[in-house]
Amino acid sequence: MLISQFLKRIVLLIVCFYFTGLSASAKGIDLSKNSFPLDISSLVEYYETNDGTLTLHDIQHRPFITHTQKAIHFGFSDITSWFKITLYSSKTGNWSFECENPLIEYFDVFIPNGNKFDIKKGGCFVAKENRNYHYGSNHPIILFPLLANEPKTFYIKITSQRGFYTKFLVMPEKAQVIKSRSDDRRNWFFDGIQLFGNLLIGIIAFFLFKTNTYRVFAFYSFCISITVLGYHESLGDLFTSNPMLSSLINTFPYRLLVVPEIILTFYVLPITTQFPRWIKWYLYLIILATFILLFGICVDYNWKWVKMNVWNSVLAELTILLLFAYAYYKKIKLEGYFVCSFLFSFLGFLFLQLRLLQAIDFGWIHHIIFFAEMSKIVFFIFLVFHFFKRIQPEKIEAEMPILINTLPDFSVEGLGEKSDVDKEPSKKTKLDKVLKMTNGELVLNPTNDVFLQRIDEIIENKLSDSTFNIVDLADALNLSTVQLRRKLKTQTNQTTVEYIRNYRLKKAAELLKNRSGNISDVAFQVGFESLSYFTKVFQEFYGKSPSDWLKTH
């Protein structure tokens with residue numbers, strides 16, 4: 001009996017709470033006992049229609065559906081979305097409504113004022129002077145009063161060809177002032193980090209590394225900064241006051257970002273030498289499709305062109321990820337810090353594209369982009385330290401012949417401890433180890449073939465890798481750089497740097513002879529990123545410039 005009475009009371013309490021909740025929800029969203037800002041995205045009601053000409057009077061009595069998702073997320077279409085929000089508070093005061101996405105094309109808020117509604121217009125296709133935003137924000141921020149215990153029902157009309165993802169926030173006016181200041185400081189900090197990062201990368205690329213790969217990465221980083229500038233709606237205003245044209249300019253870098261991503265991929269990965277031939281043409285096709293779709297957006301702006309552009313970007317970025325996975329599988333040596341920085345930079349934008357296509361629904365994507373920009377600076381700092389650490393053995397090796405030549409002769413022969421008869425075998429041994437040159441071909445002692453063939457095999461596998469150096473070669477042979485230098489010097493009378501460079505030059509001569517590409521392509525295939533340097537060392541090695549070599553072979 002006691003148990004049955006207890007269960008009856010529990011059921012009665014649940015029923016009471018249920019009906020209490022219904023009465024509260026019917027009254028609206030209670031703002032009295034909540035922390036702020038309050039996300040009301042999952043508490044609003046919405047109605048969708050293909051007729052964009054319907055007025056507020058037409059839709060007021062239409063059946064609105066409760067929006068249960070955590071964010072306002074709509075795909076690419078001609079649909080006009082109406083939202084209905086009922087708010088009330090136990091205290092009289094001024095409140096603020098904010099939509100977090102500044103790129104919605106048309107955004108109208110209908111605020112009740114007696115028997116009529118005041119219309120607050122906004123959206124990126126509306127001139128800034130005609131937007132009824134407060135605090136000079138690019139985000140739709142609307143202020144409104146609430147009387148104690150008097151619910152107000154607002155209506156919001158959104159029309160946008162592009163897909164969008166946003167949240168609706170409500171907070172007291174004072175909280176909005178604090179949030180706006182905090183957002184401004186965060187944006188200034190983010191922009192400052194980007195400026196510092198791009199300056200650092202530019203200095204490294206143009207004054208330290210001086211290679212085309214790093215310069216292309218500096219250009220790619222600049223493109224990301226321009227993309228963020230467009231997202232803040234600050235780019236288009238530099239060129240035009242027309243709101244629609246300005247908005248299109250703001251989105252240009254975002255829609256074209258896949259092009260510098262692919263160009264940089266060509267420099268980071270040996271696409272033309274160690275990947276299937278069709279990969280190169282496939283990436284070229286994506287670049288062409290990007291420009292065609294951008295032209296379609298400019299000429300005939302509608303959601304179909306925009307959606308195809310997003311799909312094209314997703315396809316390109318997923319392809320880049322697969323190419324890096326393939327390179328890792330094939331154990332193609334890459335610059336770890338550099339690759340991580342590149343991948344981190346575009347992963348956030350890939351997630352943004354997937355969210356627009358409603359494939360994912362993560363609210364922390366912007367945090368990934370911020371983390372990527374921060375990590376990019378850290379990676380490049382490590383890259384600089386790694387660079388100086390790596391070139392140190394090369395400097396030692398380059399200086400070693402000079403040091404050796406300046407030392408006294410402490411050999412047995414120099415001390416006069418052997419007779420002339422004893423010296424003869426030693427002289428013969430040295431003569432056998434001398435490297436002979438015949439038309440650029442190396443003739444080696446047969447006893448040294450196994451060791452040198454192994455070196456040639458390693459260099460051949462890393463031929464197009466411009467970063468491959470004596471440290472990498474020594475690691476592959478399980479030798480120290482000093483051991484490698486001494487052994488190679490003894491057998492070929494060349495330093496390790498000279499041997500690697502000469503091997504590349506012999507391979508270049510072979511490729512030019514077989515007409516395997518123009519001079520620039522061949523230079524890149526054998527690991528030279530500077531065409532002028534390639535021409536110089538080729539001339540020194542063969543006595544002919546690459547162009548003259550082509551004419552005579």
Exercise. Does the side chain of T55 pick up a donor-acceptor pair with the side chain of D58 at under 3.5 Å?
Worked result: yes

Exercise. Does any non-hydrogen side-chain atom of I72 lie less than 4.5 Å from one of N101?
Worked result: no

Exercise. Does a donor on one side chain and an acceptor on the other come within less than 3.5 Å for D51 and T53?
Worked result: yes

For this session: Compare every heavy atom of K128 with every heavy atom of D237, then report the nearest pair and how far apart it is.
Result: OD2-NZ, 2.6 Å

Problem set entry | F275-Y326 aromatic ring centre distance below 6.0 Å | yes

Problem set entry | F266 ring center near Y284 ring center (under 6.0 Å) | yes

For this session: Show the numbers, then the answer: is there a side-chain contact (heavy atoms from CB on, under 4.5 Å) between N130 and K121?
Result: CA-CA 7 Å; N130 296 330; K121 290 187 173 293; over 6 Å; no

For this session: Would you mind reporting whether L269 and F324 have side-chain heavy atoms less than 4.5 Å apart?
Result: yes

Problem set entry | E105 and Y301 side chains, donor-acceptor separation under 3.5 Å | yes

Exercise. Are the ring centres of F168 and F83 closer than 6.0 Å?
Worked result: yes

For this session: Please tell me if the side chains of L38 and M171 come closer than 4.5 Å, counting only heavy atoms from C-beta onward.
Result: no

For this session: Please tell me if the side chains of L256 and F291 come closer than 4.5 Å, counting only heavy atoms from C-beta onward.
Result: yes

For this session: Check the surroundings of atom NZ in K174: do more than 12 heavy atoms from other residues, nucleotides or ligands lie under 6.0 Å from it?
Result: no

Problem set entry | Non-hydrogen side-chain atoms of I59 and L56 separated by less than 4.5 Å | yes

Problem set entry | Ring centers of F36, W95 separated by less than 6.0 Å | yes

Problem set entry | Donor-acceptor side-chain pairing of S180 and Q176 below 3.5 angstrom | yes

Exercise. Does the side chain of S246 come under 3.5 Å of the side chain of T240 through a donor N or O and an acceptor N or O?
Worked result: no

For this session: Taking the side chain as every heavy atom from C-beta outward, state whether L323 and T265 have any atom pair closer than 4.5 Å.
Result: yes

For this session: For a ring-ring contact (aromatic ring centres under 6.0 Å, His included) with W82, tell me which candidate from F110, F64, Y155 qualifies.
Result: F110

Exercise. Near F219 CZ, under 6.0 Å, is it more than 12 heavy atoms from other residues, nucleotides or ligands?
Worked result: no

Seminar exercise, completed: Those residues at least two apart in sequence (or on a different chain) that pass salt bridge (Lys or Arg N to Asp or Glu O under 4.0 Å) with K179 are E98, D183

For this session: With side-chain contact (heavy atoms from CB on, under 4.5 Å) as the test, would you mind laying out the steps for Y254 and L352 before giving the verdict?
Result: CA-CA 11 Å; Y254 181 73; L352 278 177; 3.9 Å; yes

Problem set entry | Test item: I29 and Y88 side chains (from C-beta on) under 4.5 Å apart, heavy atoms | no

